[in-house]
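Scope of the values below: all heavy atoms of this structure, side chains included, with no hydrogens, waters or symmetry mates. All ligand and atom numbering here is 1-based and tracks the order in the structure.
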Amino acid sequence: MNFIDTHSHIYSQEFEEDRDEVIQRSLEAGVDRIIMPDVCSAERHLLSETAQKYPDITYPMIGLHPTEVKDNYKKELQEIEHLLGVNKYYGIGECGLDLYWDKTYYKEQFAAFEHQLNLANDTQLPVAIHSREAIKEVLTILRKYPYIKGIVHCFSGTVEDARMAVELGYYLGIGGVVTFKKSNLPEIVAAVGISNILLETDAPYLAPVPHRGKRNESAYIPLIAQKIAEITGEDLQIIKETTTKNAVKLFNLPDIN
Ligand SMILES: [Zn+2]
């Protein structure tokens, strides 16, 4: 059984030059499946092309990222609804709330998030949630949708918030930030345990130590897993098996092992 990177933008422009090599390095590092979050219609053709080119490795989701919620968000959501009936997707996302950058579309972000939660409800797909400076608001909304499962990607919040997310049936997405010096993620991982986490890179962003600040890629997943092994005192093998099983179950991936 190998690792799964549950969140990588491998289809994006940042990997245009060397995507084959990046995938190759990932396979060599023992990361043989990559879940791809969608952002908005602008890059969706790249996502589809990548999913077609690497069918047993890359698995696409579809969604509208909160920072891409603009005046045209209703049209974006219609397009998502249409495509859900046409192509195979493994989840809805990334969707959620980002109250860090720009609050111009504050109300629209909430509307777009709830719309996508309803889509997840109707399709019974898991959701990949982006939450920045918004975990309390996100948890309040998730409580209204008890039948949805998902992941709070790149989790940031308190230990209490983490416990709440787990209680609501969500996995926590743990990435490179867990290796950063001032992160509270070690405390959170220790509190919720490995049965409630998924591994992710969020490539090209948030590379783990010792690659911090450089372009991130799925081959770095073992560095994140190693840090989690240190935190929990578990074998690396157990971290791998447990997080892979968690990901297969949540995203309903075909069993290849
Ligand atoms: Zn992302």
Asker: Identify whether the distance between the nearest side-chain nitrogen and carboxylate oxygen of R25 and E217 falls below 4.0 Å.
Answerer: yes
Asker: Starting from the Zn ion (ligand 1), count all protein N, O or S atoms within a radius below 2.8 Å.
Answerer: 4
Asker: Among residues at least two apart in sequence or on other chains, which ones pass side chain to side chain donor-acceptor pair (under 3.5 Å) with K136?
Answerer: D161
Asker: More than 12 heavy atoms of other residues, nucleotides or ligands under 6.0 Å from NZ of K88: is that the case?
Answerer: yes
Asker: Taking side-chain hydrogen bond (donor to acceptor under 3.5 Å, both in side chains) as the criterion, tell me which of Q109, H130, R132, H65 meets it with D98.
Answerer: H130
Asker: Taking the ring of Y90 and the ring of F251, is the distance between their centroids below 6.0 Å?
Answerer: no
Asker: With a 6.0 Å cut-off on ring centres, are Y11 and F15 close enough?
Answerer: no
